Every structure is written in structure tokens, then in C-alpha cells.
Asker: 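Below is one structure. I have some questions about it.
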Number of protein chains: 2
Amino acid sequence: MAKSKDANLSPRKKPRQARSQVTVDAIFEATIQVLLVEGLQRLTTIRVAERAGTSVGTLYQYYPNKQALLFAVLQRHVGEVGEHVRRAAESVHGRPLTAIVSAVVRAFVQAKTDRIDEARALYSVAGELDSRRLVEESEERGLAVLTAVLRTSTDVQFDDLPTAAYMFMAAMIGPTTYMIEGGAPPSIMRAWSGQLESLCLGYLERAAYAIP
Amino acid sequence: MAKSKDANLSPRKKPRQARSQVTVDAIFEATIQVLLVEGLQRLTTIRVAERAGTSVGTLYQYYPNKQALLFAVLQRHVGEVGEHVRRAAESVHGRPLTAIVSAVVRAFVQAKTDRIDEARALYSVAGELDSRRLVEESEERGLAVLTAVLRTSTDVQFDDLPTAAYMFMAAMIGPTTYMIEGGAPPSIMRAWSGQLESLCLGYLERAAYAIP
DNA sequence: TAATAATATGACGATTCCTTCACTTTTGTT
DNA sequence: AACAAAAGTGAAGGAATCGTCATATTATTA
């Protein structure tokens with residue numbers, strides 16, 4: 001019976017002076033670095049504080065517990081990536097399928113690769129039971145965004161739009177996670193955006209029929 | 001600097017009587033169950049032993065440490081899935097692309113869904129730094145298998161075979177992991193094999209050109 | 001400048017966990 | 001049945017970690 005400790009995750013104290021904002025940011029970045037270098041198992045609050053150049057006590061003034069630290073990093077990452085994709089999708093409403101796929105895939109790959117350290121570091125965090133909710137919520141929003149934009153496509157329609165949108169989502173996130181986590185060869189990484197576009201478009205064109 | 005403690009992972013004692021084999025199996029299965037129910041963070045040797053209906057001492061007679069326990073489960077899983085795919089690929093050497101994709105995808109999905117509890121449980125384990133090597137080795141073998149079988153296709157060839165094979169691999173593993181881990185709706189899960197076939201074939205047909 | 005508020009520190013209590021080992025019980029053999 | 005080998009047990013040493021709090025330092029305000 002897993003304790004459903006709905007721990008408080010909001011900061012206990014808000015930074016009011018400039019120096020403390022610096023500290024908060026340093027702790028945030030240190031969390032990513034420790035995750036990358038040591039792994040989740042060896043991430044301790046003391047290690048994070050040391051890497052950030054402060055002390056545990058300070059850490060606990062801004063993050064109520066270790067969990068909150070990991071949540072903060074995960075939340076910002078999925079939030080930013082989601083927001084980028086949402087904006088890209090919005091900008092291609094009512095365009096042909098190829099334009100939609102191109103814009104969305106590019107935005108997604110761009111957002112992920114711009115934050116590749118975070119993406120790598122968070123792989124193990126996202127796998128923990130405690131983080132599922134956060135990730136799922138973000139995925140639901142993403143699915144809604146993709147469903148909406150696919151519906152506006154001017155040249156094609158889908159028999160089963162929910163499935164098509166889900167596969168589009170899975171085809172972007174799944175392989176990209178695999179690629180980033182697995183440390184693909186540079187040749188692959190460079191070509192990723194184009195390859196992923198092919199993958200998604202290849203599927204969606206098969207799942208669609210032309211509008212008369 | 002992460003300690004590269006290449007811990008001994010082979011069992012300290014081999015089971016010689018029937019009862020001990022039962023125990024070893026029970027511990028193995030209990031590991032999966034604890035992972036599923038409690039998560040990696042809360043997996044302790046005592047919890048595993050209790051769930052298996054034995055004691056910690058017994059556990060340590062067959063697994064030298066906690067890490068070895070997780071490795072054993074992960075290794076069997078990737079080994080079995082890899083083997084299934086390998087056999088499927090072998091059986092469609094020298095056939096057209098559609099036949100190859102169909103056989104390989106089906107075998108992969110079959111193997112994964114037959115072991116869906118394991119797959120779910122291992123998601124967090126595979127994310128740990130310590131497990132990377134094991135997973136990477138399996139992925140390398142898989143890539144070699146896919147490269148080999150794609151080369152034998154009778155109706156198409158690839159400009160860039162390594163990239164095509166990598167994407168084929170990523171298109172199978174990535175979305176399936178996403179689907180299983182995210183707990184997709186049943187409608188999606190039921191249609192998964194067909195959808196994944198579309199995804200892979202859609203990509204590969206774009207990346208290929210017909211043999212004259 | 002003096003007083004107050006904000007920020008920072010790190011030793012420490014409490015807890016959890018890994019692993020060992022001296023010992024018991026069960027099974028197989030002579 | 002007597003003995004040896006295999007299997008099983010769980011208390012406890014030792015190590016690691018979380019989060020607190022009494023105290024110290026720095027900034028802001030009056």
C-alpha cells in the first residue's frame with residue numbers, strides 16, 4: 001500500500017531579493033546537472049545544494065522537499081515544450097497536411113534539442129510513479145492540440161481522427177525520446193527533424209483521405 | 001564522478017533442489033510486482049523477499065545484490081523480445097518490404113504485449129544510469145538484425161540504409177514504449193499492431209526506391 | 001545608524017535501507 | 001537412523017539520506 005502522500009510542492013518562501021533568485025536558479029540548474037552526472041538514485045539534496053554552491057538549509061527554504069525539486073524541473077520542461085508545439089500548431093491552422101506536420105515536428109524537435117540536457121536528465125524522473133500525473137496532463141493537452149489542428153487541414157480528412165492524432169503524438173515523442181536517451185550517432189541527430197517529418201507524414205497520409 | 005562499481009551480478013549459488021528453483025522464480029516475479037506496485041524508489045530487498053514469501057537472507061543467496069535483481073529482470077525481458085524479433089526477421093529474409101515490416105512489427109508487438117507487466121515495470125529501471133549498457137547492447141543487436149533484413153528486400157532499396165534501419169527501430173520501440181507507459185486507451189491498444197505497421201511502412205516506403 | 005526582515009548555514013535526530021552471518025530447518029545419501 | 005549438504009531465517013551493524021532548527025550573516029528600512 002503506497003502512501004499517497006500528496007506532499008506540498010509549492011515553494012515555502014518566495015524570493016524577494018535578487019540574490020535569492022540567483023540561489024533558486026542555481027539550485028534548479030544544479031538539479032539537472034546532478035541528474036545527468038549521478039543519476040536519479042544518487043541525487044540527494046546535499047549533492048544538489050553543494051553543486052549549486054549553497055547549503056541544504058537554503059534548498060529547503062525554497063523547495064519543501066526533494067520531490068518538489070524534481071517536479072519543478074520536469075514541469076518547466078514539459079510546459080515549455082508543450083507551449084512551443086501549441087504555438088506552432090496555432091500558426092498553421094487551416095493549412096494543408098504537409099504544412100501542419102512540418103511546422104509541428106520542427107517546433108517539437110527544436111524545443112527538445114534546445115533543452116537536450118534537461119530532456120536527458122528527466123528521462124528517469126518521468127519514469128517514476130510519482131511523476132506520472134504531471135506528464136499525463138501535459139500529454140492530454142498535447143493530444144488536444146494535435147487533434148484540433150489536424151481537423152483544420154484543408155486537403156485531407158481522417159476516418160478516425162482520435163487515433164490519427166494519438167499516433168502523430170506517439171510518433172513524435174516516442175522516437176525522439178528513444179533517440180535522445182539512446183545517444184544516437186551525430187549523423188542521425190542532425191537529420192532528425194527531417195526524418196521525423198517523413199515518419200509522421202508517411203503515417204498520416206496513409207490514415208487520411210483526400211477532401212473532394 | 002559516479003563510482004563504476006562493476007558489481008558482481010552472477011548468482012552466488014545455483015539452485016540444486018526443486019524447491020530452491022521455485023524460490024528463485026518467486027523472487028524474480030516478486031521483483032516485477034514490487035516495481036509495478038511500489039515503483040523503483042520504494043523497491044527494497046526486504047519488500048521483494050516478503051512479496052516472494054521468503055526472507056532477505058534467501059534472496060541474497062541467489063542474487064548478490066539489489067542491482068543484480070533488477071538486471072536479471074531487465075535482461076530476460078530485452079533478451080526475449082530481441083529473440084522474438086530476430087526469429088521473425090529471419091523468417092522473412094528475401095521477401096518484399098511489406099512482408100518484412102508486417103512480420104517484424106507483429107513479432108515485436110506480440111512479444112511486448114505478452115509481457116506487458118514486465119514492460120511497464122522496467123520502464124523506470126531502464127532509465128537508470130546503471131542499466132544503460134545492457135539496453136544499449138540489446139539495441140545494437142536489434143539494429144543489426146533490422147539492417148540485415150531490410151537489405152534483403154526484393155522490391156526496394158535504400159539510399160541510406162543505416163538511417164532507415166535506425167528509424168525503423170526507433171519507430172517501433174519509441175511509440176510502443178510511449179503507449180505502454182502512458183496507459184493508452186483500449187481502442188488504441190487493440191489496434192496497435194496495425195497502426196505501428198502503418199507508421200513503419202509509411203516511413204520506409206518514403207525512404208526507399210523501387211528496384212528496377 | 002539602529003532595528004527589522006530576508007537569506008544562508010550545517011550539525012543532527014530520525015528513518016530507511018543494504019547486506020551479512022550465526023543459526024535452524026529441510027532434503028538427500030549411506 | 002545418522003550424517004552431510006542444501007536451503008532458509010531474521011536480527012543487527014553500518015551507511016546513506018531526508019528534512020529541521022537554532023544560529024549566523026546580509027540586506028532593507030526607518
Side-chain angles (χ1 to χ4, degrees), chain A residues 1-3 5-28 30-31 34-35 38-72 124-125 128 130, chain B residues 1-3 5-28 30-31 34-35 38-72 125 128-130:
Chain A
M1 44 189 114
K3 250 178 285 178
K5 47 173 170 184
D6 245 343
N8 190 9
L9 295 175
S10 40
R12 13 186 93 172
K13 182 188 287 191
K14 267 196 187 170
R16 299 175 187 274
Q17 300 177 1
R19 65 176 167 150
S20 64
Q21 186 57 56
V22 171
T23 305
V24 172
D25 292 348
I27 293 172
F28 190 96
T31 305
V34 172
L35 270 177
E38 309 266 5
L40 179 57
Q41 297 262 41
R42 290 173 52 79
L43 181 142
T44 72
T45 48
I46 287 189
R47 262 194 267 270
V48 170
E50 266 172 7
R51 179 130 204 157
T54 77
S55 63
V56 235
T58 298
L59 187 156
Y60 277 94
Q61 266 181 339
Y62 301 105
Y63 298 92
N65 50 51
K66 182 179 148 179
Q67 189 68 244
L69 207 55
L70 298 168
F71 267 51
S124 55
V125 178
E128 280 299 302
D130 298 324
Chain B
M1 51 191 106
K3 250 178 288 178
K5 46 172 171 182
D6 246 342
N8 190 8
L9 295 175
S10 39
R12 8 187 99 168
K13 182 188 288 189
K14 267 197 186 172
R16 299 176 186 275
Q17 300 176 3
R19 63 175 168 153
S20 65
Q21 186 56 56
V22 171
T23 304
V24 172
D25 292 348
I27 293 172
F28 190 95
T31 305
V34 172
L35 270 177
E38 310 266 5
L40 179 57
Q41 298 263 38
R42 290 173 52 77
L43 181 143
T44 71
T45 48
I46 288 189
R47 264 194 266 270
V48 169
E50 267 172 7
R51 179 128 203 160
T54 78
S55 64
V56 235
T58 299
L59 187 156
Y60 276 92
Q61 265 182 338
Y62 301 106
Y63 299 91
N65 50 51
K66 182 179 149 179
Q67 190 69 243
L69 207 54
L70 297 168
F71 267 51
V125 177
E128 281 299 304
L129 255 39
D130 299 325

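Note that the structure is a prediction, hence the values are computed from the model and not measured. Side-chain atoms are counted along with the backbone in the values below, which use heavy atoms only and exclude waters and symmetry mates. Proteins get letters first, then strands, A, B, ... in listed order; numbering begins at 1 in each.
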Asker: Mind calculating the distance between OH (Y60(A)) and P (dA8(C)) to the nearest angstrom?
Answerer: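 From Y60(A) OH to dA8(C) P: 17 Å.
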Asker: For residues 45-57 of chain B, which residue pairs pass the side chain to side chain donor-acceptor pair (under 3.5 Å) check, not counting sequence neighbours?
Answerer: S55(B)-T58(B)
Asker: Do K66(A) and V48(A) make a side-chain contact, defined as non-hydrogen atoms from C-beta onward lying under 4.5 Å apart?
Answerer: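 No; the side chains remain at least 4.5 Å from each other.
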Asker: Hey, does L43(B) reach any base, or is it just sugar-phosphate, or nothing, if we go heavy atoms under 4.0 Å?
Answerer: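 Sugar-phosphate contact only - L43(B) comes under 4.0 Å of backbone atoms but never of a base.
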Asker: Return the polar atom pairs (N/O with N/O) between nucleotides 4-7 of chain D and the protein under 3.5 Å, or none.
Answerer:
residue : atom : partner : partner atom : Å
dA7(D)  : OP1  : R16(B)  : N            : 2.6
dA7(D)  : OP1  : Q17(B)  : N            : 2.6
dA7(D)  : OP1  : S20(B)  : OG           : 2.9
dA7(D)  : O4'  : R19(B)  : NH2          : 3.0

Asker: L69(A) has an atom CG; how far is it from atom P of dT17(D), in whole Å?
Answerer: 15 Å
Asker: Do any side-chain atoms of residues 18-28 of chain B form donor-acceptor pairs under 3.5 angstrom with protein atoms, and if so which ones, sequence neighbours left out?
Answerer:
residue : atom : partner : partner atom : Å
R19(B)  : NE   : Q17(B)  : OE1          : 2.9
R19(B)  : NH2  : Q17(B)  : OE1          : 3.3
S20(B)  : OG   : Q17(B)  : O            : 2.9
Q21(B)  : NE2  : D25(B)  : OD1          : 3.0
T23(B)  : OG1  : R19(B)  : O            : 3.1

Asker: Could you tell me which non-hydrogen atom of F71(B) sits nearest to which non-hydrogen atom of D130(B), and how far apart they are?
Answerer: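 Minimum heavy-atom separation between F71(B) and D130(B): CZ-O, 3.1 Å.
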Asker: From CD1 of I46(A) over to P of dA15(D), roughly how many Å is that when rounded to an integer?
Answerer: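 Rounded to the whole Å, the gap is 16 Å.
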Asker: Would you say a side-chain N or O of T45(B) is under 4.0 Å from OP1 or OP2 of dC18(C)?
Answerer: yes
Asker: Find the distance Q41(B):CD to dC18(C):P and express it as a whole number of Å.
Answerer: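 Distance check: Q41(B) CD to dC18(C) P gives 12 Å.
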Asker: Quick one: is dC17(C) close enough that its OP1 or OP2 comes under 4.0 Å of any side-chain N or O from R42(B)?
Answerer: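 For dC17(C), neither OP1 nor OP2 has a side-chain N or O of R42(B) closer than 4.0 Å.
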Asker: The side chain of S55(A) is closest to which nucleotide in this list: dG10(C), dC17(C), dC18(D)?
Answerer: dG10(C)
Asker: Of all heavy-atom pairs between Y63(B) and A72(B), which one has the smallest distance, and what is that distance?
Answerer: CE2-CB, 3.9 Å
